[in-house]
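Below: one structure in structure tokens.
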Amino acid sequence: MAEINPESLPEEKAPVNFIHQIIQEDIKNNKNNGRVHTRFPPEPNGYLHIGHAKSICLNFGTAAKFGGKCNLRFDDTNPVKEDTEYVDSIMEDVRWLGFNWDGLYYASDYFDTLYEYAKKLIIKKLAYVCDLSQEEMSLQRGTVTKPGTDSPYRNRTVEENLDLFRRMRAGEFPEGARVLRAKIDMAHANMLMRDPILYRIIHAEHHNTGDKWCIYPMYDFAHGQCDSIEGITHSICTLEFEVHRPLYDWFIEKLEIFAPQQIEFARLNLSYTVMSKRKLLQLVNEGHVNGWDDPRMPTISGLRRRGFTPESIRRFADVIGVAKRDQVIDVSLLEFCLREDLNKKADRLMAVLNPVKLIIDNYPEGQVEYLDAVINPEDPEKGFRKVPFSKELFIEKEDFMIDPPGKFFRLKPGGEVRLKYAYIIKCESFLQDPVTGEVTEIHCTYEPDTRSGMPNSNKKVKGTLHWAAVSNSVKSEVRLYDRLFVKETPEDVEEGQDFKVNLNPDSLKVVTAYCEPAISQYKPGDKVQFERMGYFCVDQDSTETNLVINRTTTLKDNWAKIAGKE
RNA sequence: UGUCCGAUGGUGUAAUGGCAGCACAAGAGAUUUUGGUUCUCUUGGUCUAGGUUCGAAUCCUGGUCGGACAACCA
């Protein structure tokens, strides 16, 4: 059984996407005895990305919704591109997203059956061995507006075809020497029906079948039949396979086997990123990112490392919907789903990422107070943590301005702000670097009776700042990630350029942050909110002595908007 | 100059011949010891021209625009 996610289970009157409408109708008509069986069929030639997550949620979610089953099947028909590294990562990602497959299969599990299917077509005079070279075949295929011409090998006898095909399998011919083709119609308006290739010779080791085979079925000759063998009732796939459907149906009909129903939907596109495996591979290979799980990548493993939760991704998949028109989803919707989830779950902590020293002149030298701070205001049951407060603190440089604009309600000369969970302070003076003018030290006084919880703590001040004690903080390496591309559509480039010109040079900035001691209790993968700064997670690169933290995303920042307008 | 698919606010997605709704984004306000959260409100849409109908986003026809298809890739 595919795991049921109660949150994504639609309400009685919730809108139903067109695929679920079709399935509801099928169940009503008792098609397949009301059985619903889907599958997620990746090729193990790369890592899964957020686009795959949409498909995974759709397939597993559909099975769960209708009490059906969902398989995981690796469509591994091309040994030169595939690898067990990818198989492992795909299984990990699917599980992490929260799904459990019913059957785990490989297209290569069916190579024997597929071989028999091919022979059956030969016997039915519906397939032939063709000796044309790749170039010749491409020439004879015609174009979308011109019909192709028949291969001179099209009318070989059944016996000759059977013999040649057997010898292809036996390894008697070099790679590329011959192929097995379907005999359909070289003048068909659908190019895919112009005698497509069924089998080709590849003398390569397969990650699953080793050296058992030297001929491999084409995806088109494998995919539909694999679905059929597994009894898949609804083969949900992306739009580009719509033109393949007549071919799949042709195989099913001629082979006289169970007929799954293929339904196509629009693949996901996200603004400010690229989604094709080829481009992602390029980013990895050329070192623009640090591997498939780089937190800037739209891969599942990248999002996981960035600090996304499976819940937020499932919610996203639910919210974007399913339809047949091309969709480009604004990345802000993904961020919304993320914040919505993290806001409920993430423990609050204070950390200063861009520090400037603040000294409270009238606070006793050497004194340390341990103040109570709420762990998560959205989840009061989590209680409190202790934060050490003392005379010398760090605050964010951006929280102090010498001559601020009107709506700035942070710290300024002569101004008052609250230090969160602590006291109200007043800025008395500040020191500047004589050369750069940069503020190097801020001097304040505090009002002892304004500590949080004290009677006078209700005093109204405009701003509240987070802070960290100079001598009681944990230093950590914080990786500030931003979107990977500066352009909404990275592929949108001028003649002669490619998508990489739109790479964001500032997609990663590394800083040293001062964090309250409570950070030490969190382990790689744990998620927290640094108050006023954003959501962060502990990275796997952390060691005993060097804590590494990723910024998952900033908080929604209205001040940035106001400041930006001025 | 082919075949197939598609077209609803900025972005997505509903409405299945009967009041064009929802989410994100954007804008205004309230609350707030996170310029977060929460709450209230606002702006803004049926590609186009005909036809069928009492009534069309929905059905029909033409056009326009977008996408897919000519790998021994999937």
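In this text, all values refer to a predicted model and were calculated from it rather than measured experimentally. A, B, ... follow the sequence lines: proteins, then strands. Residue 1 opens every chain.
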Taking the six-membered ring for Trp and the full ring for Phe, Tyr or His, determine whether the centres of A:His206 and A:Phe111 are under 6.0 Å apart. yes

I'd like the P distance from B:A20 over to B:C47, given in whole Å. 15 Å

Starting at NZ of A:Lys420 and ending at C1' of B:U33, how long is that distance when rounded to a whole Å? 6 Å

Looking at every strand, decide which applies to A:Val328 at a 4.0 Å heavy-atom threshold: base, sugar-phosphate, or nothing. sugar-phosphate

Charged N to carboxylate O below 4.0 Å: is that the case for A:Lys183 and A:Asp195? no

Grab the CG-C1' distance between A:Asn269 and B:A68 for me, whole Å please. 13 Å

Interface polar pairs with nucleotides 69-73 of chain B, N/O, under 3.5 angstrom:
from	atom 1	to	atom 2	distance (Å)
B:C72	OP2	A:Arg141	NH2	3.1
B:C72	N3	A:Gly176	O	3.4
B:C72	N4	A:Leu132	O	3.2
B:C72	N4	A:Gly176	O	3.0
B:C73	OP2	A:Arg200	NE	3.3
B:C73	OP2	A:Arg200	NH2	2.8
B:C73	O3'	A:Arg200	NH2	3.3
B:C73	O2'	A:Asn78	ND2	3.3
B:C73	O2'	A:Lys81	NZ	3.3

Row check, A:Phe499 ring normal vs A:Lys279 NZ/CZ: under 6.0 Å, within 45°: yes

What nucleic acid atoms does A:Phe408 come within less than 4.0 Å of, heavy atoms only: base, sugar-phosphate, or nothing? base

Between B:C19 and B:G55, how far apart are the two P atoms, rounded to whole Å? 15 Å

Kindly assign one of parallel, tilted or perpendicular to the pair A:His223 and A:Tyr248, based on the angle between their ring planes and the thresholds 30° and 60°. tilted

Testing B:G35, B:U37, B:U13 for proximity to the side chain of A:Ala323, the answer is B:U13

Roughly how far apart, to the nearest Å, are B:A23 and B:U8 at atom C1'? 15 Å

Between A:Asp449 and A:Arg451, is the closest basic N to carboxylate O distance under 4.0 Å? no

Return the value, rounded to whole Å, for the distance between atom CD1 of A:Ile320 and atom P of B:G12. 11 Å

Taking any heavy-atom pair under 4.0 Å as a contact, classify A:Leu239: base, sugar-phosphate, or nothing. nothing

Donor/acceptor link under 3.5 angstrom from A:Thr145 side chain onto base of B:U1: no

State whether A:Lys459 and A:Glu447 are salt-bridged, where the test is any N-O pair (Lys NZ or Arg NE/NH1/NH2 against Asp/Glu carboxylate O) under 4.0 Å. yes

Here's one to test your reading of the geometry: is the NZ or CZ of A:Arg156 within 45 degrees of the ring axis of A:Tyr128 and under 6.0 Å from its centre? no

Phosphate-side-chain proximity, A:Lys561 and B:G27, N/O vs OP1/OP2 below 4.0 Å: yes

Please report the distance, rounded to the nearest Å, between CZ in A:Phe536 and P in B:U34. 18 Å

For A:Arg245, is the CZ atom crowded, meaning more than 12 foreign heavy atoms sit under 6.0 Å from it? yes

Heavy atoms only, 4.0 Å cut-off, all strands: where does A:Phe409 land among base, sugar-phosphate and nothing? base

Taking atom P in both B:C5 and B:G44, compute the distance separating them and give it to the nearest angstrom. 36 Å

Report each atom pair, protein N/O against N/O of nucleotides 6-8 of chain B, whose distance is under 3.5 angstrom.
from	atom 1	to	atom 2	distance (Å)
B:U8	OP2	A:Arg325	NH1	2.6
B:U8	O4	A:Arg325	NH2	3.1

Distance in angstrom units between A:Asp341 CG and B:U37 C1', rounded: 14 Å

Check for me whether A:Arg418 meets the cation-pi criterion with A:Tyr423, that is, NZ or CZ under 6.0 Å from the six-membered ring centre and within 45 degrees of the ring axis. no

What is the nucleic acid contact for A:Pro377, judged by heavy atoms within less than 4.0 Å: base, sugar-phosphate only, or nothing? base

With sugar-phosphate meaning primed atoms plus P, OP1 and OP2, does A:Val322 contact a base, only sugar-phosphate, or nothing at under 4.0 Å between heavy atoms? sugar-phosphate

Enumerate the residues from residues 330-339 of chain A whose closest heavy atom to RNA chain B is under 4.0 Å, giving them by residue number; use none for an empty result. A:Asp330, A:Ser332, A:Leu333, A:Phe336

Is any side-chain N of the basic residue among A:Lys344 and A:Asp379 closer than 4.0 Å to the acidic one's carboxylate O? no

Euclidean distance for P, B:C65 against B:C73 (whole angstrom): 36 Å

Which range-with-range stems can be found for RNA chain B when each stem has 3 or more Watson-Crick or G-U pairs in a row and both distances sit under 3.5 Å? B:2-7 with B:64-69, B:10-13 with B:21-24, B:26-30 with B:38-42, B:47-51 with B:59-63

What integer number of Å spans the P atoms of B:U48 and B:A7? 14 Å

Under 4.0 Å between a side-chain N/O of A:Gln529 and OP1 or OP2 of B:G36, yes or no? no

Consider only side-chain N and O atoms of A:His466 and A:Glu396, and report whether a donor and an acceptor are under 3.5 Å apart. yes

What integer distance in Å separates A:Arg418:CZ from B:G36:C1'? 17 Å

Distance, P atom - from B:G9 to B:C22, rounded to whole angstrom: 16 Å

For A:Lys556, enumerate each residue passing the side-chain contact (heavy atoms from CB on, under 4.5 Å) test, keeping only those at least two apart in sequence or located in another chain. none

note: A:Phe265, atom CZ; B:C5, atom C1'; distance rounded to Å ~ 15 Å

Does A:Lys460 put a side-chain nitrogen or oxygen below 4.0 Å from OP1 or OP2 of B:U33? yes

Whole angstroms only, please: what is the NZ-P distance between A:Lys54 and B:G12? 11 Å

Check whether any side-chain nitrogen or oxygen of A:Gln21 sits under 4.0 Å from OP1 or OP2 of B:A15, and answer yes or no. yes

Charged N-O contact under 4.0 Å between A:Glu531 and A:Arg385: yes

On the six-membered ring of A:Phe173, is A:Arg178 placed so that its NZ or CZ lies under 6.0 angstrom from the centre and within 45° of the ring axis? yes

Say you pick atom P in B:C69 and the same atom in B:G45; how far apart are they, in whole Å? 35 Å

Test ring-ring contact (aromatic ring centres under 6.0 Å, His included) applied to A:Phe316 - qualifying residues, sequence neighbours left out: none

What's the verdict on side chain to side chain donor-acceptor pair (under 3.5 Å) for A:Lys54 and A:Gln327, showing C-alpha distance, side-chain angles and the deciding distance? CA-CA 12 Å; A:Lys54 177 184 179 183; A:Gln327 62 174 194; 2.6 Å; yes

Students often get this wrong, so: under 4.0 angstrom with heavy atoms, is A:Arg194 touching a base, only sugar-phosphate, or nothing? nothing

